[in-house]
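Notes follow the structure.
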Amino acid sequence: MNEKNKSKIIISTHKHENLYFAVGYSEKKKILRIALPQKSLEDAVNEISKYYPNYQLSNENNKTAQNLSQMYHGENIDFDLEHLELDICESSEPKSTIKTSFERDVILKVAKIPYGSVKTYKEIAKSLNSHAYRAVGTAIGKNPFPIIIPCHRVIRSDGKIGGFRGGTPMKVEILKNEGIKIEASKIKVD
DNA sequence: GATTGACGCCGAG
DNA sequence: CTCGGCGTCAATC
(Lines give C-alpha, C1' and ligand atoms only; values in the text may rest on other atoms or scores of the structure.)
Protein backbone atom coordinates (compact mmCIF):
# COMPACT_ATOMS: atom_id res chain seq x y z
CA MET A 1 0.00 0.00 0.00
CA ASN A 2 2.59 2.49 1.09
CA GLU A 3 4.56 3.16 -2.05
CA LYS A 4 8.30 3.45 -1.64
CA ASN A 5 11.01 4.48 -3.99
CA LYS A 6 14.38 2.91 -4.57
CA SER A 7 16.06 5.99 -5.98
CA LYS A 8 18.74 7.43 -3.77
CA ILE A 9 18.29 10.96 -2.54
CA ILE A 10 20.06 13.52 -0.41
CA ILE A 11 18.28 15.20 2.48
CA SER A 12 19.35 18.63 3.66
CA THR A 13 17.99 20.24 6.79
CA HIS A 14 17.84 23.61 8.43
CA LYS A 15 16.97 24.61 11.95
CA HIS A 16 15.32 27.85 12.96
CA GLU A 17 14.55 28.29 16.63
CA ASN A 18 12.66 25.11 17.47
CA LEU A 19 11.59 24.22 13.96
CA TYR A 20 13.32 21.83 11.61
CA PHE A 21 13.00 22.09 7.83
CA ALA A 22 14.01 19.39 5.34
CA VAL A 23 14.52 19.17 1.60
CA GLY A 24 15.01 16.03 -0.51
CA TYR A 25 17.16 16.18 -3.65
CA SER A 26 17.80 13.82 -6.51
CA GLU A 27 21.35 13.14 -7.64
CA LYS A 28 20.71 15.67 -10.38
CA LYS A 29 20.15 18.30 -7.69
CA LYS A 30 16.47 18.61 -8.51
CA ILE A 31 14.21 19.02 -5.49
CA LEU A 32 11.92 16.00 -5.16
CA ARG A 33 10.16 16.83 -1.94
CA ILE A 34 9.80 19.48 0.75
CA ALA A 35 8.84 18.74 4.35
CA LEU A 36 6.64 20.98 6.43
CA PRO A 37 8.42 22.18 9.55
CA GLN A 38 8.68 19.70 12.41
CA LYS A 39 9.57 19.91 16.09
CA SER A 40 12.50 17.54 15.80
CA LEU A 41 15.19 16.76 13.27
CA GLU A 42 14.07 13.13 13.16
CA ASP A 43 10.50 14.08 12.30
CA ALA A 44 11.63 16.47 9.57
CA VAL A 45 13.90 13.89 7.96
CA ASN A 46 11.20 11.27 8.27
CA GLU A 47 8.76 13.42 6.31
CA ILE A 48 11.06 12.83 3.35
CA SER A 49 12.53 9.42 4.11
CA LYS A 50 9.19 7.73 4.53
CA TYR A 51 8.80 8.15 0.80
CA TYR A 52 12.47 7.75 -0.09
CA PRO A 53 14.02 5.25 2.34
CA ASN A 54 17.30 5.17 0.45
CA TYR A 55 18.69 8.51 1.54
CA GLN A 56 21.81 10.20 2.74
CA LEU A 57 21.97 13.20 5.04
CA SER A 58 23.93 16.23 3.92
CA ASN A 59 25.92 18.33 6.38
CA GLU A 60 26.37 21.28 4.09
CA ASN A 61 24.39 24.41 4.66
CA ASN A 62 21.53 24.32 2.26
CA LYS A 63 20.11 27.43 0.71
CA THR A 64 16.76 25.91 -0.17
CA ALA A 65 16.17 24.62 3.35
CA GLN A 66 17.11 28.08 4.60
CA ASN A 67 14.82 29.79 2.09
CA LEU A 68 12.06 27.46 3.16
CA SER A 69 12.39 28.66 6.72
CA GLN A 70 12.44 32.29 5.61
CA MET A 71 9.32 31.84 3.51
CA TYR A 72 7.56 30.08 6.35
CA HIS A 73 8.32 33.05 8.54
CA GLY A 74 6.87 35.49 6.05
CA GLU A 75 9.75 36.63 3.87
CA ASN A 76 8.95 37.22 0.24
CA ILE A 77 11.57 35.10 -1.52
CA ASP A 78 11.65 34.79 -5.28
CA PHE A 79 12.24 31.08 -5.66
CA ASP A 80 13.24 29.64 -9.03
CA LEU A 81 10.86 26.82 -9.95
CA GLU A 82 13.56 25.38 -12.17
CA HIS A 83 14.96 23.72 -9.07
CA LEU A 84 11.79 21.69 -8.57
CA GLU A 85 11.05 18.34 -10.16
CA LEU A 86 7.74 19.26 -11.78
CA ASP A 87 7.61 16.48 -14.36
CA ILE A 88 4.85 13.94 -14.31
CA CYS A 89 6.11 10.84 -12.49
CA GLU A 90 5.47 7.17 -13.10
CA SER A 91 2.69 5.62 -11.06
CA SER A 92 5.28 3.66 -9.09
CA GLU A 93 6.64 6.87 -7.62
CA PRO A 94 5.74 7.68 -4.01
CA LYS A 95 2.51 9.36 -3.18
CA SER A 96 2.41 13.12 -3.30
CA THR A 97 4.39 13.29 -6.48
CA ILE A 98 2.85 14.78 -9.60
CA LYS A 99 1.30 11.90 -11.53
CA THR A 100 -1.32 13.34 -13.85
CA SER A 101 -1.54 16.38 -16.09
CA PHE A 102 -4.48 17.63 -14.06
CA GLU A 103 -2.39 17.62 -10.89
CA ARG A 104 0.46 19.28 -12.70
CA ASP A 105 -1.79 22.02 -14.07
CA VAL A 106 -3.21 22.67 -10.61
CA ILE A 107 0.25 22.88 -9.04
CA LEU A 108 1.46 25.27 -11.74
CA LYS A 109 -1.55 27.54 -11.20
CA VAL A 110 -0.93 27.59 -7.46
CA ALA A 111 2.70 28.47 -8.10
CA LYS A 112 1.53 31.73 -9.69
CA ILE A 113 -0.41 33.04 -6.70
CA PRO A 114 1.53 36.12 -5.57
CA TYR A 115 2.95 36.61 -2.10
CA GLY A 116 0.42 38.07 0.30
CA SER A 117 -2.67 37.18 -1.72
CA VAL A 118 -5.07 34.26 -1.87
CA LYS A 119 -7.17 32.38 -4.43
CA THR A 120 -10.04 29.95 -3.92
CA TYR A 121 -10.23 26.30 -4.93
CA LYS A 122 -13.05 27.32 -7.23
CA GLU A 123 -10.97 29.98 -8.93
CA ILE A 124 -8.21 27.48 -9.60
CA ALA A 125 -10.74 25.05 -11.09
CA LYS A 126 -12.27 27.79 -13.20
CA SER A 127 -8.90 28.84 -14.57
CA LEU A 128 -8.49 25.25 -15.75
CA ASN A 129 -11.97 25.27 -17.34
CA SER A 130 -13.09 22.68 -14.83
CA HIS A 131 -15.80 22.34 -12.21
CA ALA A 132 -13.83 19.81 -10.23
CA TYR A 133 -13.41 21.97 -7.13
CA ARG A 134 -12.88 19.00 -4.90
CA ALA A 135 -10.38 17.43 -7.23
CA VAL A 136 -8.43 20.69 -7.07
CA GLY A 137 -8.28 20.37 -3.30
CA THR A 138 -7.18 16.78 -3.55
CA ALA A 139 -4.46 17.64 -6.06
CA ILE A 140 -3.19 20.51 -3.92
CA GLY A 141 -3.18 18.18 -0.94
CA LYS A 142 -0.56 16.13 -2.75
CA ASN A 143 1.69 19.13 -3.34
CA PRO A 144 5.23 17.78 -2.94
CA PHE A 145 6.61 21.30 -2.39
CA PRO A 146 4.52 22.94 0.32
CA ILE A 147 5.35 26.58 1.13
CA ILE A 148 7.53 26.92 -1.99
CA ILE A 149 4.49 26.10 -4.12
CA PRO A 150 2.19 28.24 -1.96
CA CYS A 151 -0.70 25.85 -1.41
CA HIS A 152 -1.37 27.71 1.84
CA ARG A 153 -2.67 30.58 -0.32
CA VAL A 154 -5.61 28.53 -1.58
CA ILE A 155 -8.76 28.97 0.49
CA ARG A 156 -12.45 28.16 0.33
CA SER A 157 -14.97 30.23 -1.56
CA ASP A 158 -16.80 31.17 1.64
CA GLY A 159 -13.62 32.80 2.95
CA LYS A 160 -12.79 30.04 5.38
CA ILE A 161 -9.25 28.79 5.48
CA GLY A 162 -9.76 25.23 4.25
CA GLY A 163 -7.57 22.22 4.84
CA PHE A 164 -3.83 21.84 5.03
CA ARG A 165 -1.59 18.80 5.34
CA GLY A 166 0.19 20.32 8.32
CA GLY A 167 -3.14 21.29 9.89
CA THR A 168 -5.22 24.42 9.44
CA PRO A 169 -3.50 26.25 12.32
CA MET A 170 -0.20 26.06 10.47
CA LYS A 171 -1.87 27.39 7.32
CA VAL A 172 -3.25 30.30 9.33
CA GLU A 173 0.16 31.02 10.78
CA ILE A 174 1.87 31.15 7.39
CA LEU A 175 -0.84 33.41 5.98
CA LYS A 176 -0.57 35.75 8.94
CA ASN A 177 3.19 35.84 8.49
CA GLU A 178 2.53 37.06 4.96
CA GLY A 179 0.39 39.85 6.32
CA ILE A 180 -3.00 38.40 5.48
CA LYS A 181 -5.70 39.35 7.95
CA ILE A 182 -7.79 36.59 9.45
CA GLU A 183 -10.74 37.04 11.78
CA ALA A 184 -13.06 34.35 13.13
CA SER A 185 -11.37 31.70 10.98
CA LYS A 186 -12.08 33.68 7.84
CA ILE A 187 -9.97 35.71 5.49
CA LYS A 188 -10.69 39.36 5.99
CA VAL A 189 -11.33 41.20 2.76
CA ASP A 190 -11.07 44.93 2.67
C1' DG B 1 -18.68 0.61 -11.24
C1' DA B 2 -18.42 2.43 -6.37
C1' DT B 3 -16.13 5.25 -3.06
C1' DT B 4 -13.55 9.20 -1.55
C1' DG B 5 -12.10 13.97 -1.22
C1' DA B 6 -7.61 20.31 1.74
C1' DC B 7 -14.98 21.96 -2.24
C1' DG B 8 -19.51 24.79 -3.45
C1' DC B 9 -24.19 26.02 -2.93
C1' DC B 10 -28.65 26.26 -0.99
C1' DG B 11 -32.17 25.58 2.29
C1' DA B 12 -33.72 24.51 7.09
C1' DG B 13 -33.33 25.28 11.87
C1' DC C 1 -24.12 30.41 12.61
C1' DT C 2 -24.28 25.27 11.93
C1' DC C 3 -25.76 21.29 9.56
C1' DG C 4 -27.43 18.10 5.83
C1' DG C 5 -27.94 17.05 1.40
C1' DC C 6 -26.91 17.20 -3.24
C1' DG C 7 -23.93 18.75 -7.22
C1' DT C 8 -19.53 17.76 -9.51
C1' DC C 9 -15.44 15.36 -11.26
C1' DA C 10 -10.54 13.35 -10.86
C1' DA C 11 -8.27 9.66 -8.62
C1' DT C 12 -8.37 5.34 -6.49
C1' DC C 13 -10.22 0.96 -5.06
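Since the structure is predicted, the reported quantities are computational estimates derived from the model, not experimental observations. Below, read A as the first sequence line, B as the second, and so on, with proteins coming before strands; counting in each chain starts at 1.
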Check this one for me: any side-chain N or O of [X] less than 4.0 Å away from OP1 or OP2 of [N]?
X         : N       : answer
Lys160(A) : dC1(C)  : no
Thr100(A) : dA11(C) : yes
Lys99(A)  : dA10(C) : no
Ser157(A) : dG8(B)  : yes

With the side chain of [X] defined as its heavy atoms from C-beta on, choose the nearest nucleotide among [options].
X         : options                 : answer
Tyr121(A) : dC9(B), dA6(B), dC13(C) : dA6(B)
Lys186(A) : dA11(C), dG8(B), dC1(C) : dC1(C)
Tyr133(A) : dA6(B), dG8(B), dC9(C)  : dG8(B)
Lys122(A) : dG8(B), dG5(B), dC9(C)  : dG8(B)

Rounded to the nearest angstrom, tell me the gap between atom [atom1] in [X] and atom [atom2] in [N].
X         : N       : atom1 : atom2 : answer
Arg156(A) : dT2(C)  : CZ    : P     : 10 Å
Phe102(A) : dG5(B)  : CZ    : P     : 16 Å
Lys142(A) : dA10(C) : NZ    : P     : 13 Å
Lys119(A) : dA6(B)  : NZ    : C1'   : 18 Å
Glu93(A)  : dT12(C) : CD    : C1'   : 18 Å
Asn129(A) : dT8(C)  : CG    : P     : 17 Å

How close do Arg33(A) and Phe145(A) get, counting heavy atoms only, and between which atoms?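 Looks like N-CE2, 3.9 Å.
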
If you measure from the Lys or Arg side-chain nitrogens to the Asp or Glu carboxylate oxygens, is any gap between Lys50(A) and Glu47(A) under 4.0 Å?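 The answer is yes: the pair qualifies as a salt bridge.
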
Verify the neighbour count for atom [atom1] of [X]: are there more than 12 heavy atoms of other residues, nucleotides or ligands below 6.0 Å?
X        : atom1 : answer
His73(A) : NE2   : yes
Asp80(A) : CG    : yes
Lys30(A) : NZ    : yes

Just to be sure I understand the rule, does Phe164(A) reach a base, reach only the sugar-phosphate, or reach nothing, if contact means heavy atoms closer than 4.0 Å?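 It contacts base atoms.
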
Just checking Lys126(A): base, sugar-phosphate only, or nothing, at a heavy-atom cut-off of under 4.0 Å?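 Touches nothing.
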
5' priority, DNA chain C, between Thr138(A) and His131(A) [closest heavy atom]: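 Mapping each residue to its closest nucleotide by heavy atoms, the 5'-most match is His131(A).
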
Partner nucleotide of dG4(C) by Watson-Crick or wobble geometry (both distances under 3.5 Å):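 Paired with dG4(C), as far as the under-3.5 Å criterion goes, is dC10(B).
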
